[in-house]
Amino acid sequence: MGSGSNRRALKDGNFITLEGGEGSGKTTQTQLLHDSLISAGIETIITREPGGTPQSEEIRSLLVSGESKRWEPLTESLLHFASRNEHLVKVILPTLQAGKWVICDRFFDSTMAYQGYAMNVDRQKIGALAKMTMGKFAPDLTLILDIPESKGLVREEGLSSEDRYNKMGASFHKKVRMAFREIASQEPERCKIIDASKGIQEVHNSIWLQVKAKFNL
Ligand code: TMP
């Protein structure tokens, strides 16, 4: 595998990420988007972060369970990048290079939003880690599912033992929401905001419109 800086040049399929706060419906929407792309005749896989390889899933379990203050914020950022590097090298890049599309439930923007904006890790450090591991590689399209944090947290309540981030409180999740909006305003070509407070089918329709427009489907 080449160094980070030439990773982008090696890719062939398209890379779509879904981002958003807790309970924004990303996982359901990832599945629906996958179904639509397959119906359109496009070979596509679904994956997620943190996770996506056996090794990255091990790192995931360190991140999503236990006490909210379990990690120093910079350590936590490094763990997300460690997980991402495995995932990028072993799954995302080879799949794109094989000409397939990849839909990823969360990616780099989550590190910027959660660790950078909401946990106050120096955003330049996060940018430097991204450059080191990803070079110029970036999603072709990022769909940011936007929902008021109070609504999203209620949707998630008691759903899983992976609740470390849910325990971080409403003001933390408000910062995450604002961070995703800020990221979208900085990169309007790549990032599209989707109103995720609507019904499942309506949200899917908005996502599908964006995907069709971006890739001329
Ligand atoms: P999930 O519940 O969407 O699978 O994501 C697990 C949690 O990980 C979620 O609460 C957000 C958090 N997260 C970060 O804090 N930074 C990251 O870089 C990623 C990918 C996820």
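Side chains are part of it too, since the values below use all heavy atoms of this structure and drop only hydrogens, waters and symmetry mates. In listed order, ligands and their atoms are each counted from 1.
- Of the possible polar contacts, one joining the His173 side chain to the Tyr165 backbone as a donor-acceptor pair under 3.5 Å is found.
- Contact atoms of ligand 1 toward Pro50: 8 (O), 19 (C), 20 (C), 21 (C) (distance under 4.0 Å to a heavy atom of the residue).
- The option from Gln115, Glu162, His80, Met112 that lies nearest to atom 13 (N) of ligand 1, judged by heavy atoms, is His80.
- Taking 4.0 Å as the cut-off, Arg84 counts as a neighbour of ligand 1 on heavy-atom distance.
- The option with the heavy atom closest to atom 4 (O) of ligand 1, from among Met119, Arg60, Arg48, is Arg60.
- Using a 4.0 Å cut-off between heavy atoms, Val64 contacts ligand 1 through its side chain alone, with no backbone atom that close.
- Of all heavy-atom pairs between Ile147 and Gly23, the closest is CD1-O, 3.9 Å.
- For the ligand labelled ligand 1, residue Lys26 lies inside the 4.0 Å heavy-atom shell.
- Phe108 does not carry Arg84 over the face of its six-membered ring by the limits of under 6.0 Å from the centre and within 45° of the normal.
- A salt bridge links Arg181 to Asp146: at least one charged side-chain nitrogen sits closer than 4.0 Å to a carboxylate oxygen.
- The pair Arg70-Glu67 fails the salt-bridge criterion, with no side-chain N (NZ, NE, NH1 or NH2) lying under 4.0 Å from an Asp/Glu carboxylate O.
- Considering backbone and side-chain atoms alike, Arg106 places an N or O below 3.5 Å from some N or O of ligand 1.
- We find that Lys192 and Glu187 are not joined by a salt bridge, their nearest charged nitrogen and carboxylate oxygen being 4.0 Å or further apart.
- With a 4.0 Å heavy-atom cut-off, ligand 1 is reached by the side chain of Glu22 but not by its N, CA, C or O.
- Of the possible donor and acceptor atoms, one in the side chain of Gln29 sits under 3.5 Å from a partner among the backbone N and O of Ile200.
- For ligand 1, the atoms closer than 4.0 angstrom to any heavy atom of Glu49 are 20 (C).
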